[in-house]
Amino acid sequence: MAPRYHLKLSSILLAMASFTNLTFSAPTGTASAAPPSSLLGYNAANKVINEDTDDISYTLVPGQTDTAVIGAFLDFNNQAHPQPIRGSKGGTDPGPRTEEYDILNPDKLAPPGTDHGGVSNAQWPMGLSHMKLGLGRAGWSRQQNVDNIPAATEMAGVDMRLEEGAYRELHWHKAAEWSYVLNGSVRVEAVNEEGQTFVDDLNAGDVWFFPPGVPHSLQGLKGGVEFLLVFDDGSFSEDNTFLASEVFAHNPKEILSKNFDLPLSAWDNIPAGELFIFPGTKASADISTQNVVGSAGLVPTAQSYTYHLSQKANDHETAGGSVKVIDPTIFPIASKFSAAVVTVKPGALREIHWHTTSDEWNFFVAGSARIGIYAAQGNARTFDYHAGDTGYIPKAMTHYVENVGKDDVVFIEVLQADHFSDISVGQWVGLTPPQIVMDTLNLTNSTVSQFKKEKQYIVPGSVVA
(Lines give C-alpha, C1' and ligand atoms only; values in the text may rest on other atoms or scores of the structure.)
Protein backbone atom coordinates (compact mmCIF):
# COMPACT_ATOMS: atom_id res chain seq x y z
CA MET A 1 0.00 0.00 0.00
CA ALA A 2 1.28 3.46 -0.90
CA PRO A 3 2.32 5.55 2.10
CA ARG A 4 0.04 8.35 3.28
CA TYR A 5 1.23 11.86 4.07
CA HIS A 6 -0.54 14.21 6.51
CA LEU A 7 0.09 17.98 6.55
CA LYS A 8 -1.29 20.29 9.14
CA LEU A 9 -3.08 23.41 7.83
CA SER A 10 -0.94 25.53 10.15
CA SER A 11 2.23 24.21 8.49
CA ILE A 12 0.94 25.09 4.99
CA LEU A 13 0.01 28.63 5.99
CA LEU A 14 3.40 29.18 7.61
CA ALA A 15 5.20 28.07 4.43
CA MET A 16 3.10 30.40 2.23
CA ALA A 17 3.82 33.39 4.47
CA SER A 18 7.54 32.71 4.30
CA PHE A 19 7.41 32.55 0.42
CA THR A 20 5.77 35.95 0.11
CA ASN A 21 8.62 37.56 2.06
CA LEU A 22 11.29 36.32 -0.34
CA THR A 23 13.03 38.76 -2.70
CA PHE A 24 14.64 37.84 -6.05
CA SER A 25 17.57 39.42 -7.86
CA ALA A 26 17.62 39.54 -11.66
CA PRO A 27 20.13 37.05 -13.09
CA THR A 28 23.30 38.57 -14.50
CA GLY A 29 22.82 39.72 -18.10
CA THR A 30 19.01 40.01 -17.96
CA ALA A 31 16.78 43.10 -17.92
CA SER A 32 16.92 45.19 -14.77
CA ALA A 33 14.01 46.44 -12.72
CA ALA A 34 11.30 48.67 -14.20
CA PRO A 35 12.48 52.17 -15.26
CA PRO A 36 11.75 55.07 -12.94
CA SER A 37 8.27 56.52 -13.17
CA SER A 38 9.76 59.89 -14.23
CA LEU A 39 10.02 58.53 -17.81
CA LEU A 40 6.27 58.11 -18.05
CA GLY A 41 4.48 61.28 -19.19
CA TYR A 42 5.47 64.84 -18.28
CA ASN A 43 8.21 65.47 -15.75
CA ALA A 44 10.13 68.72 -15.35
CA ALA A 45 13.37 66.74 -15.23
CA ASN A 46 12.93 65.66 -18.85
CA LYS A 47 14.49 68.51 -20.84
CA VAL A 48 13.67 69.31 -24.48
CA ILE A 49 16.59 68.99 -26.89
CA ASN A 50 16.12 71.34 -29.85
CA GLU A 51 17.70 70.18 -33.10
CA ASP A 52 18.13 72.27 -36.22
CA THR A 53 16.27 69.89 -38.57
CA ASP A 54 15.96 72.69 -41.16
CA ASP A 55 19.70 72.69 -41.77
CA ILE A 56 19.36 71.05 -45.19
CA SER A 57 21.31 72.01 -48.28
CA TYR A 58 18.87 72.15 -51.20
CA THR A 59 17.89 74.26 -54.19
CA LEU A 60 14.36 74.78 -55.48
CA VAL A 61 14.12 73.74 -59.14
CA PRO A 62 12.41 75.74 -61.91
CA GLY A 63 8.65 75.74 -61.41
CA GLN A 64 8.83 74.88 -57.73
CA THR A 65 8.16 78.44 -56.57
CA ASP A 66 5.27 78.93 -59.02
CA THR A 67 1.72 78.95 -57.70
CA ALA A 68 0.90 75.32 -56.97
CA VAL A 69 -2.03 75.12 -59.42
CA ILE A 70 0.30 75.89 -62.34
CA GLY A 71 1.63 72.41 -61.69
CA ALA A 72 4.68 72.45 -63.97
CA PHE A 73 6.82 69.32 -64.00
CA LEU A 74 9.64 69.48 -61.45
CA ASP A 75 12.92 67.99 -62.68
CA PHE A 76 14.89 66.85 -59.62
CA ASN A 77 17.61 65.10 -61.63
CA ASN A 78 21.08 66.14 -60.44
CA GLN A 79 19.53 67.98 -57.48
CA ALA A 80 20.74 67.14 -53.99
CA HIS A 81 18.04 66.65 -51.36
CA PRO A 82 14.87 67.52 -53.37
CA GLN A 83 12.16 68.87 -51.10
CA PRO A 84 8.34 68.50 -50.91
CA ILE A 85 7.66 72.14 -51.69
CA ARG A 86 5.28 73.49 -54.34
CA GLY A 87 4.56 77.22 -54.31
CA SER A 88 3.52 78.19 -50.79
CA LYS A 89 2.72 74.61 -49.81
CA GLY A 90 4.78 71.89 -48.20
CA GLY A 91 7.96 72.04 -46.16
CA THR A 92 11.37 70.43 -45.79
CA ASP A 93 12.12 66.74 -45.34
CA PRO A 94 15.37 65.99 -43.50
CA GLY A 95 14.86 62.21 -43.84
CA PRO A 96 15.26 59.33 -43.41
CA ARG A 97 14.47 58.77 -47.09
CA THR A 98 15.70 57.24 -50.34
CA GLU A 99 16.04 60.21 -52.66
CA GLU A 100 16.14 58.09 -55.81
CA TYR A 101 12.41 57.46 -55.34
CA ASP A 102 11.76 61.20 -55.15
CA ILE A 103 13.73 61.86 -58.32
CA LEU A 104 11.78 59.19 -60.20
CA ASN A 105 8.43 60.35 -58.77
CA PRO A 106 8.54 64.14 -58.39
CA ASP A 107 4.75 64.42 -58.65
CA LYS A 108 4.43 62.29 -55.53
CA LEU A 109 7.02 64.30 -53.62
CA ALA A 110 5.63 67.71 -54.63
CA PRO A 111 2.21 67.17 -56.26
CA PRO A 112 0.61 69.82 -58.46
CA GLY A 113 -1.84 71.98 -56.55
CA THR A 114 -4.62 70.53 -58.73
CA ASP A 115 -4.18 67.08 -57.15
CA HIS A 116 -6.91 66.46 -54.59
CA GLY A 117 -8.44 63.62 -52.64
CA GLY A 118 -7.69 60.02 -53.50
CA VAL A 119 -7.22 58.15 -56.77
CA SER A 120 -6.40 54.45 -56.84
CA ASN A 121 -2.81 53.59 -57.65
CA ALA A 122 -2.30 53.80 -61.42
CA GLN A 123 1.40 52.97 -61.78
CA TRP A 124 3.63 49.93 -61.35
CA PRO A 125 7.25 49.50 -62.51
CA MET A 126 7.86 46.04 -63.96
CA GLY A 127 11.32 46.38 -62.41
CA LEU A 128 9.70 45.86 -58.99
CA SER A 129 7.92 42.67 -60.06
CA HIS A 130 9.20 39.25 -59.08
CA MET A 131 11.25 37.76 -61.93
CA LYS A 132 10.41 34.16 -62.84
CA LEU A 133 13.53 32.60 -64.36
CA GLY A 134 13.53 30.02 -67.14
CA LEU A 135 15.69 26.91 -67.34
CA GLY A 136 19.22 26.95 -68.75
CA ARG A 137 19.37 30.74 -68.90
CA ALA A 138 16.78 30.58 -71.68
CA GLY A 139 14.76 33.59 -70.55
CA TRP A 140 12.45 35.05 -67.91
CA SER A 141 9.12 36.74 -67.26
CA ARG A 142 7.63 39.24 -64.84
CA GLN A 143 4.07 40.40 -64.48
CA GLN A 144 1.66 43.07 -63.31
CA ASN A 145 -1.86 42.31 -62.10
CA VAL A 146 -4.32 43.30 -59.37
CA ASP A 147 -1.73 42.37 -56.75
CA ASN A 148 0.15 45.61 -57.48
CA ILE A 149 -2.49 47.76 -59.22
CA PRO A 150 -5.73 46.77 -57.45
CA ALA A 151 -7.84 48.92 -59.81
CA ALA A 152 -6.60 46.94 -62.84
CA THR A 153 -9.44 44.44 -62.78
CA GLU A 154 -9.95 44.13 -66.55
CA MET A 155 -6.38 43.61 -67.83
CA ALA A 156 -3.01 42.32 -66.65
CA GLY A 157 0.42 42.37 -68.30
CA VAL A 158 3.51 40.18 -68.64
CA ASP A 159 6.97 41.17 -69.88
CA MET A 160 8.83 38.12 -71.27
CA ARG A 161 12.28 37.42 -72.72
CA LEU A 162 13.33 34.40 -74.80
CA GLU A 163 16.92 33.84 -75.85
CA GLU A 164 17.67 32.51 -79.32
CA GLY A 165 16.25 29.00 -79.62
CA ALA A 166 14.40 29.21 -76.30
CA TYR A 167 10.77 28.15 -76.06
CA ARG A 168 7.85 29.37 -74.04
CA GLU A 169 6.60 25.84 -73.84
CA LEU A 170 3.40 24.64 -75.51
CA HIS A 171 0.54 26.07 -73.45
CA TRP A 172 -2.85 27.78 -73.34
CA HIS A 173 -4.79 30.15 -71.06
CA LYS A 174 -8.30 30.77 -69.81
CA ALA A 175 -7.77 34.42 -70.72
CA ALA A 176 -7.26 35.92 -74.18
CA GLU A 177 -3.64 36.86 -74.97
CA TRP A 178 -2.66 40.00 -76.93
CA SER A 179 1.03 40.64 -77.52
CA TYR A 180 3.33 43.38 -78.80
CA VAL A 181 6.94 42.54 -79.74
CA LEU A 182 9.28 45.00 -78.00
CA ASN A 183 12.54 43.91 -79.63
CA GLY A 184 14.02 41.02 -81.57
CA SER A 185 12.09 38.38 -83.50
CA VAL A 186 9.94 35.39 -82.58
CA ARG A 187 8.21 32.42 -84.19
CA VAL A 188 4.63 31.76 -83.08
CA GLU A 189 2.72 28.53 -83.68
CA ALA A 190 -0.85 27.47 -82.87
CA VAL A 191 -3.57 24.91 -83.55
CA ASN A 192 -7.25 25.81 -83.22
CA GLU A 193 -10.25 23.66 -82.27
CA GLU A 194 -10.91 22.85 -85.95
CA GLY A 195 -7.44 21.34 -86.28
CA GLN A 196 -6.28 24.23 -88.44
CA THR A 197 -2.63 25.21 -87.97
CA PHE A 198 -0.79 28.51 -87.94
CA VAL A 199 2.86 29.58 -87.90
CA ASP A 200 4.45 32.99 -88.48
CA ASP A 201 7.59 34.99 -87.70
CA LEU A 202 7.26 38.44 -86.12
CA ASN A 203 9.61 41.38 -85.59
CA ALA A 204 9.73 44.33 -83.18
CA GLY A 205 6.52 46.33 -83.45
CA ASP A 206 4.37 43.39 -84.60
CA VAL A 207 1.36 41.94 -82.76
CA TRP A 208 -0.18 38.53 -82.12
CA PHE A 209 -3.38 37.35 -80.46
CA PHE A 210 -4.58 33.98 -79.21
CA PRO A 211 -8.17 33.44 -78.06
CA PRO A 212 -8.78 31.66 -74.74
CA GLY A 213 -8.00 27.96 -74.87
CA VAL A 214 -6.05 27.99 -78.15
CA PRO A 215 -2.76 26.09 -77.60
CA HIS A 216 0.38 27.80 -78.87
CA SER A 217 4.13 28.01 -78.50
CA LEU A 218 6.69 30.80 -78.87
CA GLN A 219 10.35 30.52 -79.80
CA GLY A 220 13.06 33.17 -79.87
CA LEU A 221 14.75 33.57 -83.25
CA LYS A 222 18.32 34.74 -83.95
CA GLY A 223 19.27 37.43 -81.45
CA GLY A 224 16.42 36.57 -79.07
CA VAL A 225 13.20 38.44 -78.38
CA GLU A 226 11.34 40.39 -75.70
CA PHE A 227 7.60 40.94 -75.86
CA LEU A 228 4.68 42.32 -73.92
CA LEU A 229 1.63 40.17 -73.16
CA VAL A 230 -1.74 41.66 -72.19
CA PHE A 231 -4.55 39.47 -70.85
CA ASP A 232 -8.24 40.31 -70.48
CA ASP A 233 -8.29 39.35 -66.80
CA GLY A 234 -6.79 41.62 -64.14
CA SER A 235 -6.10 38.68 -61.83
CA PHE A 236 -4.20 36.73 -64.49
CA SER A 237 -1.01 35.00 -63.36
CA GLU A 238 1.59 33.17 -65.42
CA ASP A 239 1.50 30.48 -62.73
CA ASN A 240 -2.07 29.56 -63.76
CA THR A 241 -1.12 28.62 -67.34
CA PHE A 242 -2.05 25.20 -68.76
CA LEU A 243 1.17 23.48 -69.87
CA ALA A 244 1.89 20.58 -72.25
CA SER A 245 4.55 19.25 -69.88
CA GLU A 246 2.05 19.02 -67.03
CA VAL A 247 -0.66 17.46 -69.20
CA PHE A 248 1.67 14.52 -69.85
CA ALA A 249 3.20 14.44 -66.36
CA HIS A 250 -0.17 14.31 -64.62
CA ASN A 251 -1.94 11.70 -66.70
CA PRO A 252 -1.20 8.04 -65.92
CA LYS A 253 1.16 6.45 -68.43
CA GLU A 254 -1.41 3.73 -69.00
CA ILE A 255 -3.88 6.41 -70.12
CA LEU A 256 -1.27 8.07 -72.35
CA SER A 257 -0.52 4.75 -74.00
CA LYS A 258 -4.19 4.12 -74.71
CA ASN A 259 -4.71 7.68 -75.96
CA PHE A 260 -1.78 7.62 -78.42
CA ASP A 261 -1.70 3.85 -79.12
CA LEU A 262 1.92 3.65 -78.02
CA PRO A 263 3.80 1.40 -75.58
CA LEU A 264 4.37 2.43 -71.97
CA SER A 265 8.07 2.82 -72.68
CA ALA A 266 7.31 5.77 -74.98
CA TRP A 267 6.81 7.94 -71.88
CA ASP A 268 9.96 7.01 -69.98
CA ASN A 269 11.68 10.36 -70.50
CA ILE A 270 8.87 12.89 -70.40
CA PRO A 271 9.45 15.89 -68.09
CA ALA A 272 8.35 15.45 -64.49
CA GLY A 273 6.62 18.83 -64.50
CA GLU A 274 6.68 22.44 -65.72
CA LEU A 275 9.29 23.49 -68.28
CA PHE A 276 8.01 27.10 -68.56
CA ILE A 277 10.89 28.63 -70.55
CA PHE A 278 13.64 26.28 -71.67
CA PRO A 279 16.42 26.04 -74.30
CA GLY A 280 15.60 24.12 -77.45
CA THR A 281 16.78 23.35 -80.95
CA LYS A 282 17.18 26.63 -82.83
CA ALA A 283 14.36 27.33 -85.25
CA SER A 284 15.02 26.66 -88.91
CA ALA A 285 15.41 29.74 -91.07
CA ASP A 286 12.94 28.05 -93.43
CA ILE A 287 9.57 28.50 -91.71
CA SER A 288 7.93 25.99 -94.05
CA THR A 289 9.69 23.17 -92.19
CA GLN A 290 7.44 23.90 -89.21
CA ASN A 291 4.29 24.42 -91.21
CA VAL A 292 2.55 21.15 -90.29
CA VAL A 293 -0.85 20.81 -91.97
CA GLY A 294 -3.65 18.30 -91.34
CA SER A 295 -6.87 17.64 -93.22
CA ALA A 296 -8.40 20.88 -91.88
CA GLY A 297 -5.66 22.93 -93.51
CA LEU A 298 -4.39 26.31 -92.37
CA VAL A 299 -6.09 28.98 -90.27
CA PRO A 300 -7.86 31.25 -92.80
CA THR A 301 -6.01 34.50 -93.51
CA ALA A 302 -8.98 36.57 -92.27
CA GLN A 303 -8.63 34.85 -88.87
CA SER A 304 -4.83 35.03 -88.68
CA TYR A 305 -3.32 35.21 -85.21
CA THR A 306 -0.68 37.81 -86.20
CA TYR A 307 -0.58 41.34 -87.59
CA HIS A 308 2.59 42.95 -88.91
CA LEU A 309 1.95 46.31 -87.26
CA SER A 310 5.58 47.40 -87.71
CA GLN A 311 4.87 47.82 -91.43
CA LYS A 312 1.68 49.86 -90.98
CA ALA A 313 1.75 53.65 -91.40
CA ASN A 314 0.79 55.89 -88.52
CA ASP A 315 -2.88 56.85 -88.35
CA HIS A 316 -2.22 60.33 -86.98
CA GLU A 317 0.85 62.55 -87.37
CA THR A 318 1.04 65.87 -85.54
CA ALA A 319 3.71 68.39 -84.59
CA GLY A 320 3.78 66.74 -81.16
CA GLY A 321 4.05 63.09 -82.16
CA SER A 322 2.16 60.21 -83.73
CA VAL A 323 -0.49 57.55 -83.09
CA LYS A 324 -0.64 54.11 -84.73
CA VAL A 325 -3.86 52.17 -84.11
CA ILE A 326 -4.61 48.44 -84.24
CA ASP A 327 -8.11 47.21 -83.48
CA PRO A 328 -10.62 44.58 -84.68
CA THR A 329 -11.44 46.61 -87.77
CA ILE A 330 -8.07 45.49 -89.19
CA PHE A 331 -7.20 42.57 -86.85
CA PRO A 332 -10.56 40.79 -86.48
CA ILE A 333 -9.44 37.76 -84.46
CA ALA A 334 -8.71 40.09 -81.52
CA SER A 335 -12.37 41.05 -81.27
CA LYS A 336 -12.10 42.92 -77.96
CA PHE A 337 -8.57 44.31 -78.08
CA SER A 338 -7.95 47.80 -79.41
CA ALA A 339 -4.62 49.50 -78.97
CA ALA A 340 -2.48 52.43 -80.02
CA VAL A 341 1.28 52.84 -80.17
CA VAL A 342 1.79 56.48 -79.21
CA THR A 343 4.91 58.60 -79.65
CA VAL A 344 5.05 61.92 -77.78
CA LYS A 345 7.90 64.32 -78.48
CA PRO A 346 9.68 66.16 -75.63
CA GLY A 347 7.35 68.67 -73.98
CA ALA A 348 4.34 67.48 -75.98
CA LEU A 349 1.08 66.09 -74.61
CA ARG A 350 -1.28 63.24 -75.45
CA GLU A 351 -4.31 65.46 -75.17
CA ILE A 352 -6.74 65.27 -72.24
CA HIS A 353 -9.29 62.56 -73.04
CA TRP A 354 -11.26 59.64 -71.69
CA HIS A 355 -12.62 56.31 -72.91
CA THR A 356 -16.34 55.66 -72.73
CA THR A 357 -16.55 51.86 -72.49
CA SER A 358 -13.14 50.52 -71.51
CA ASP A 359 -10.38 50.86 -68.97
CA GLU A 360 -6.95 51.69 -70.38
CA TRP A 361 -3.82 49.61 -69.72
CA ASN A 362 -0.47 51.25 -70.49
CA PHE A 363 3.11 50.14 -70.98
CA PHE A 364 5.95 52.63 -71.41
CA VAL A 365 8.49 51.49 -73.98
CA ALA A 366 10.76 54.56 -73.86
CA GLY A 367 11.15 57.96 -72.23
CA SER A 368 9.73 59.62 -69.10
CA ALA A 369 6.19 60.90 -68.71
CA ARG A 370 3.52 61.82 -66.24
CA ILE A 371 -0.20 61.09 -66.31
CA GLY A 372 -2.74 63.28 -64.55
CA ILE A 373 -6.01 61.50 -63.74
CA TYR A 374 -9.32 63.11 -62.77
CA ALA A 375 -11.64 60.56 -61.13
CA ALA A 376 -14.79 62.64 -60.37
CA GLN A 377 -15.97 63.98 -56.99
CA GLY A 378 -13.01 66.36 -56.94
CA ASN A 379 -10.46 63.53 -56.88
CA ALA A 380 -7.33 63.96 -59.02
CA ARG A 381 -3.77 62.68 -58.85
CA THR A 382 -0.59 62.76 -60.92
CA PHE A 383 1.66 59.74 -61.51
CA ASP A 384 5.15 59.49 -63.01
CA TYR A 385 6.26 56.85 -65.52
CA HIS A 386 9.49 55.61 -67.06
CA ALA A 387 10.51 52.92 -69.54
CA GLY A 388 9.31 49.54 -68.28
CA ASP A 389 6.44 50.95 -66.20
CA THR A 390 2.80 49.94 -66.50
CA GLY A 391 -0.22 52.18 -65.98
CA TYR A 392 -3.96 51.72 -65.58
CA ILE A 393 -6.82 54.22 -65.93
CA PRO A 394 -10.43 53.11 -65.30
CA LYS A 395 -13.00 54.06 -67.93
CA ALA A 396 -14.55 57.53 -67.96
CA MET A 397 -11.65 59.09 -66.02
CA THR A 398 -9.96 61.94 -67.87
CA HIS A 399 -6.21 61.73 -68.31
CA TYR A 400 -3.32 63.18 -70.26
CA VAL A 401 0.19 61.88 -70.95
CA GLU A 402 2.92 64.55 -70.89
CA ASN A 403 6.48 63.94 -72.05
CA VAL A 404 8.64 65.38 -69.26
CA GLY A 405 12.02 64.19 -70.54
CA LYS A 406 14.49 65.01 -73.28
CA ASP A 407 13.76 61.96 -75.45
CA ASP A 408 10.62 60.74 -77.19
CA VAL A 409 8.09 58.94 -75.03
CA VAL A 410 6.75 55.77 -76.62
CA PHE A 411 3.90 53.98 -74.89
CA ILE A 412 1.16 51.50 -75.71
CA GLU A 413 -2.40 52.08 -74.61
CA VAL A 414 -4.65 49.00 -74.70
CA LEU A 415 -8.45 48.95 -74.48
CA GLN A 416 -11.07 46.23 -74.21
CA ALA A 417 -13.16 47.53 -77.10
CA ASP A 418 -14.27 46.59 -80.62
CA HIS A 419 -12.62 49.72 -82.01
CA PHE A 420 -10.16 52.31 -80.77
CA SER A 421 -11.84 55.55 -79.69
CA ASP A 422 -11.79 58.30 -77.10
CA ILE A 423 -13.50 61.55 -76.23
CA SER A 424 -11.21 64.55 -76.51
CA VAL A 425 -11.88 67.24 -73.90
CA GLY A 426 -10.68 69.84 -76.42
CA GLN A 427 -13.03 68.66 -79.16
CA TRP A 428 -15.92 68.34 -76.71
CA VAL A 429 -15.78 71.94 -75.57
CA GLY A 430 -14.98 73.04 -79.15
CA LEU A 431 -18.22 71.49 -80.40
CA THR A 432 -20.36 72.71 -77.50
CA PRO A 433 -22.23 76.02 -77.98
CA PRO A 434 -19.78 78.73 -76.87
CA GLN A 435 -22.19 80.46 -74.48
CA ILE A 436 -22.66 77.24 -72.52
CA VAL A 437 -18.89 76.84 -72.17
CA MET A 438 -18.41 80.50 -71.19
CA ASP A 439 -21.16 80.34 -68.58
CA THR A 440 -19.88 77.05 -67.16
CA LEU A 441 -16.14 77.78 -67.03
CA ASN A 442 -16.23 81.58 -66.68
CA LEU A 443 -14.09 81.96 -69.80
CA THR A 444 -14.00 84.84 -72.23
CA ASN A 445 -15.33 84.59 -75.74
CA SER A 446 -11.83 85.19 -77.13
CA THR A 447 -10.62 82.08 -75.27
CA VAL A 448 -13.53 79.83 -76.21
CA SER A 449 -13.38 80.88 -79.85
CA GLN A 450 -9.92 79.33 -80.11
CA PHE A 451 -11.06 75.86 -79.05
CA LYS A 452 -10.62 73.39 -81.90
CA LYS A 453 -13.41 71.29 -83.36
CA GLU A 454 -11.19 68.33 -84.25
CA LYS A 455 -9.21 65.94 -82.07
CA GLN A 456 -5.56 66.90 -81.73
CA TYR A 457 -4.30 63.55 -80.34
CA ILE A 458 -0.80 64.91 -79.61
CA VAL A 459 -0.30 68.63 -78.96
CA PRO A 460 3.13 70.31 -79.01
CA GLY A 461 4.73 71.53 -75.85
CA SER A 462 4.78 75.32 -76.04
CA VAL A 463 3.07 77.21 -73.19
CA VAL A 464 2.38 80.93 -73.27
CA ALA A 465 2.44 82.69 -69.88
Side-chain angles (χ1 to χ4, degrees), residues 122-132 134 139-146 148-149 152 154-163 166 168 171 173 175-188 200-210 216-221 223-234 236-238 241 276-277 305-310 312 323-327 331 333-334 336-343 358-367 369 385-393 401 408-416 420:
Q123 182 254 14
W124 179 258
M126 280 288 193
L128 293 181
S129 291
H130 175 79
M131 191 78 82
K132 184 174 182 178
W140 49 260
S141 76
R142 52 192 175 187
Q143 65 187 19
Q144 170 277 315
N145 55 27
V146 291
N148 33 58
I149 303 183
E154 300 299 318
M155 287 172 276
V158 173
D159 179 17
M160 185 173 289
R161 166 73 177 172
L162 299 177
E163 302 292 346
R168 173 62 171 104
H171 66 282
H173 309 285
E177 172 184 312
W178 184 96
S179 180
Y180 179 86
V181 182
L182 295 168
N183 53 64
S185 54
V186 62
R187 181 164 293 170
V188 301
D200 196 10
D201 291 342
L202 299 177
N203 299 310
D206 292 339
V207 169
W208 77 71
F209 175 84
F210 293 119
H216 54 281
S217 70
L218 314 167
Q219 185 174 27
L221 298 179
V225 66
E226 184 177 352
F227 46 85
L228 182 69
L229 301 166
V230 185
F231 296 90
D232 62 352
D233 178 2
F236 174 86
S237 171
E238 273 284 283
T241 299
F276 177 51
I277 292 172
Y305 294 132
T306 58
Y307 189 92
H308 293 263
L309 185 63
S310 63
K312 179 180 181 289
V323 179
K324 182 188 290 189
V325 171
I326 178 170
D327 63 19
F331 191 29
I333 190 68
K336 284 296 182 182
F337 276 82
S338 297
V341 181
V342 183
T343 300
S358 173
D359 296 356
E360 175 180 322
W361 188 93
N362 293 329
F363 182 83
F364 284 81
V365 179
Y385 299 83
H386 307 276
D389 289 358
T390 60
Y392 197 87
I393 302 118
V401 182
D408 286 356
V409 161
V410 180
F411 72 97
I412 301 167
E413 50 180 286
V414 183
L415 311 178
Q416 291 290 292
F420 188 87

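FYI, the numbering just counts along the sequence from 1.
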When rounded to the nearest 0.5 angstrom, what is the spacing between [atom1] in [X] and [atom2] in [Y]?
X	Y	atom1	atom2	result
Ser310	Tyr180	OG	OH	8.0 Å
Met155	Ile149	CE	CD1	11.0 Å
Leu228	Met160	CG	CE	11.0 Å
Ser141	Leu229	OG	CG	8.5 Å
Arg168	Leu162	CZ	CG	9.0 Å
Met126	Arg142	CE	CZ	7.5 Å

Q.
Between Asn203 and Val181, is the side-chain contact (heavy atoms from CB on, under 4.5 Å) condition met? List the steps.
A. CA-CA 7 Å; Asn203 299 310; Val181 182; over 6 Å; no
Considering residues at least two apart in sequence or located in another chain, which fulfil the salt bridge (Lys or Arg N to Asp or Glu O under 4.0 Å) criterion with [X]?
X	value
Glu226	none
Glu177	none
Glu163	Arg161
Lys336	none

(Q) Tyr385: which residues meet the ring pair (Phe, Tyr, Trp, His ring centres under 6.0 Å) condition with it, sequence neighbours left out? (A) Phe364
Q) Who passes ring pair (Phe, Tyr, Trp, His ring centres under 6.0 Å) against Phe231, sequence neighbours left out? A)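 Residues passing ring pair (Phe, Tyr, Trp, His ring centres under 6.0 Å) with Phe231: His173, Phe236.
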Strictly distance-based, threshold 3.5 Å: is any side-chain N or O of [X] a donor or acceptor partner for the main-chain N or O of [Y]?
X	Y	result
Asn145	Gly234	no
Glu238	Gln143	no
Tyr392	Glu154	yes
Lys324	Leu309	yes

Q. Any chance the side chains of Tyr305 and Asp200 put a donor and an acceptor closer than 3.5 Å?
A.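 The answer is no; no qualifying pair exists.
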Q.
As a test of understanding, state which of Thr306, Ile326, Leu202 forms a side-chain contact (heavy atoms from CB on, under 4.5 Å) with Val207.
A. Ile326
